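Take a look at the structure set out below.
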Amino acid sequence: MTATATKPGSGGASPALIRLGINIDHVATLRNARGGVHPDPVRAAELAVAAGADNITAHLREDRRHIRDDDIVRLMAELDCPLNLEMAATDEMTAMALKTKPHAACLVPEKRTERTTEGGLDVVAQHNTLAPVIGKLVDAGIQVSLFIAAERRQIEAAARLRAPAIEIHVGAWCDALAEGRDDDAAAEWRCIQDGARLAHDLGLEVHAGHGLNYDTAETISALPEIVELNIGHFLVGEAVFVGLGETVRRMRAAMDAGRETLRRRPAAARAM
Ligand code: PXP
């Protein structure tokens with residue numbers, strides 16, 4: 001979501017703070033496995049905020065496989081931090097966003113058959129579909145980001161659409177690292193670095209998400225242009241072992257360590 005308390009990232013003297021958005025979808029996945037009300041994603045959101053999260057993110061999918069409409073309504077009523085609604089650019093979801101007025105909306109591609117959001121939006125091909133949705137959301141005061149791959153043509157298209165922010169899909173980088181494909185990971189990392197810089201130079205606020213864990217969150221927090229990370233599955237999985245509050249605190253510490261690496265880097269090196 002677009003910064004309110006922090007200034008956008010830059011290669012200059014004082015790197016911006018980096019926000020932690022916690023995606024609570026998979027708390028709802030667990031709840032829905034039994035069809036009851038436990039565990040409650042709203043309670044998880046409150047706990048995450050108490051432990052240091054800056055925002056809460058929830059993806060209301062067309063098939064409602066995890067988060068449901070009433071979760072969004074309750075999050076808006078009960079949460080005292082910004083809500084970032086992940087949504088497909090459909091009429092149904094646009095109406096839902098305009099009704100509930102979250103602080104931010106992240107437009108994502110959505111396929112019923114996918115296990116998770118597999119790739120970024122093709123904003124080049126979908127310019128005409130996305131433009132009116134972005135317009136309506138922005139006019140309603142909702143801060144829009146576009147979930148895209150770190151590709152030059154997608155980033156330039158996002159800037160042409162006048163979206164205030166992008167979220168870079170970093171899943172391919174995280175997967176390559178996890179699977180020990182070092183060359184692929186290095187290539188993906190170069191794309192992320194270049195893409196973040198290009199987006200920042202074009203005036204876009206830059207977020208990142210998908211597949212992040214403590215290590216990758218620390219690494220990416222050392223990129224000055226990135227001002228928000230959205231993280232879900234790893235945190236909910238770790239919470240099984242150490243509790244959600246502790247997981248969020250460790251993630252916050254990892255991101256702060258990454259930012260500290262950046263702060264220690266001479267300004268000239270940061271701008272390179
Ligand atoms: N950002 C976006 C736009 C997403 O679609 C997702 C997955 O729902 C995430 C971040 C979080 O990804 P993960 O659950 O892998 O941390």
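Counting starts at 1 for both ligands and their atoms, following the listed order. Everything numeric in this text was worked out from a predicted model, so none of it was measured.
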Would you check if the side chain of D25 reaches a backbone N or O of H59 as a donor-acceptor pair within less than 3.5 Å? yes
Which residues share a side chain to side chain donor-acceptor pair (under 3.5 Å) with T247, sequence neighbours left out: none
Report the member of H169, E86, H210 with the shortest heavy-atom distance to atom 2 (C) of ligand 1. E86
Compute whether any side-chain donor of one residue and acceptor of the other, for N84 and T57, lie under 3.5 angstrom apart. yes
Polar side-chain atom of R64 near backbone of E62 as donor-acceptor pair, under 3.5 Å: yes
Side-chain donor-acceptor pairs of residues 251-258 under 3.5 Å, sequence neighbours excluded:
from: R252; atom 1: NE; to: D256; atom 2: OD1; distance (Å): 3.3
from: R252; atom 1: NH1; to: I18; atom 2: O; distance (Å): 3.1
from: R252; atom 1: NH1; to: D54; atom 2: OD2; distance (Å): 3.1
from: R252; atom 1: NH2; to: I18; atom 2: O; distance (Å): 2.9
from: R252; atom 1: NH2; to: D256; atom 2: OD1; distance (Å): 3.0

Please check whether H233 reaches ligand 1 - meaning an N/O of the residue sits under 3.5 Å from an N/O of the ligand, judged on distance alone. yes
Looking only at distances, can you tell me whether any N or O atom of G232, backbone or side chain, sits closer than 3.5 Å to an N or O atom of ligand 1? yes
At under 4.0 Å between heavy atoms, is it the side chain or the backbone of E167 that contacts ligand 1, or both, or neither? side chain
Please confirm whether H26 comes within less than 3.5 Å of ligand 1 when only nitrogen or oxygen atoms on both sides are compared. no
Using a strict 4.0 Å cut-off to heavy atoms of I231, name the atoms of ligand 1 that fall inside it. 16 (O)
When hydrophobic residues are tied together by side-chain contacts of less than 4.5 Å, even through go-betweens, does L60 share a cluster with L30? no
Pick from C106, G211, A217, G171: the one approaching atom 15 (O) of ligand 1 most closely through a non-hydrogen atom: G211
Ligand-side contact atoms (ligand 1) for residue partner V108, heavy atom cut-off under 4.0 Å: 3 (C)
Answer yes or no for F234: is there a heavy-atom contact with ligand 1 below 4.0 Å? no
Atoms in ligand 1 with a heavy atom of N23 nearer than 4.0 Å: 8 (O)
Any donor and acceptor pair, going by atom type alone, linking the side chain of R153 with main-chain N or O of V123 inside 3.5 Å? no
Taking every heavy atom of A158 against every heavy atom of L146, the minimum-distance pair comes out as CB-CD1, 3.8 Å
What atoms in ligand 1 come closer than 4.0 Å to a heavy atom of N230? 10 (C), 11 (C)
